[in-house]
Structures are given as C-alpha cells and as structure tokens.
Amino acid sequence: MTENRFKARQQKRAVEEESRLEQAKGGTTSVSGKNHGNQKMVPVQFYMTNDMKKRLKMYCLSNDTKMTDVLNKMTDEFLKSQGF
C-alpha cells in the first residue's frame, strides 16, 4: 500500500518537474522565486557531509564567492561534459 503511494508521489513529482523544464525551455518566468537572467531559479535540496560543507564554505570565504555560485558552476560544467 505505501509502495503504491510512493510511486504515485514519484510520478506526480516527475510530471511537475517536466512541466517546470518545459516552462524554462519556453523562456517563461514566474513572479515567485528568484530569477537568474531570464530563467527562474528553483530550490534544490541535497545532503553532503558536514566536513564537505565546511570545506566548501571555507573555499568560498577565501575566494569571496557564494556557495550557490560554486555549486551552480560545477553542475553546469559537469552536465556540459556529459553532453547535456
């Protein structure tokens, strides 16, 4: 029973994410959320070790940059290297 609910939630999230991607491709922006250029920014949540977070934070402090900027740049470079 819980497995079916889990699958239903996964499918719903997949449809919602696909909808968001289509909106981003179309260049539409929303009033809510942050914007980067002409693209809407959406929150992403993931986990990392406390030590890794501290190291990233120290890097950002010593290079006068934001953690978000570093993570976005790394993600973009990774996806480009993978052909996406």
Side-chain angles (χ1 to χ4, degrees):
M1 182 80 160
T2 57
E3 189 175 315
N4 290 336
R5 279 187 263 154
F6 178 74
K7 287 181 181 179
R9 273 187 262 138
Q10 276 186 322
Q11 289 173 343
K12 182 179 177 185
R13 287 182 189 140
V15 169
E16 290 171 351
E17 184 65 23
E18 196 171 316
S19 174
R20 284 189 211 109
L21 289 172
E22 287 300 319
Q23 286 178 349
K25 286 180 186 176
T28 60
T29 58
S30 172
V31 176
S32 64
K34 297 181 180 181
N35 290 313
H36 184 263
N38 66 344
Q39 293 189 4
K40 179 184 173 194
M41 301 293 280
V42 296
V44 175
Q45 180 180 0
F46 64 96
Y47 292 89
M48 65 173 58
T49 64
N50 192 39
D51 181 57
M52 191 180 306
K53 182 179 177 186
K54 286 180 184 178
R55 290 170 38 218
L56 176 61
K57 195 168 196 169
M58 290 305 296
Y59 169 83
C60 292
L61 285 171
S62 64
N63 289 285
D64 195 32
T65 188
K66 297 178 183 177
M67 290 172 48
T68 302
D69 294 338
V70 172
L71 294 170
N72 280 327
K73 183 177 178 183
M74 286 180 358
T75 303
D76 187 48
E77 289 176 3
F78 169 76
L79 290 172
K80 284 179 182 175
S81 74
Q82 299 297 312
F84 290 93

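Predicted model only: the values in this text are computed from it and were never measured.
Residues Val44 and Tyr47 do not share a hydrophobic cluster, defined by chaining ILVMFWY side chains whose heavy atoms lie under 4.5 Å apart. Met52 and Val70 fall within a single hydrophobic cluster, where Ile, Leu, Val, Met, Phe, Trp and Tyr are joined by side-chain heavy atoms under 4.5 Å apart, directly or via other members.
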Begin with the C-alpha distance, continue with both residues' side-chain angles, and end with the deciding distance and a verdict on side chain to side chain contact (heavy atoms under 4.5 Å, CB included) for Met41 and Asn72.
CA-CA 11 Å; Met41 301 293 280; Asn72 280 327; 3.9 Å; yes
Given Leu71 and Leu56, is the side chain to side chain contact (heavy atoms under 4.5 Å, CB included) satisfied, shown in steps?
CA-CA 9 Å; Leu71 294 170; Leu56 176 61; 3.9 Å; yes
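Atoms NZ and CE, from Lys54 and Met48 in turn, are 13.5 Å apart once rounded to the nearest 0.5 Å. Residue Met67 holds its CE atom at 9.5 Å from CG of Leu61, rounded to the nearest 0.5 Å.
No side-chain heavy atom of Asp76 sits less than 4.5 Å from a side-chain heavy atom of Phe84. Met74 places none of its side-chain heavy atoms less than 4.5 Å from the side chain of Asp69.
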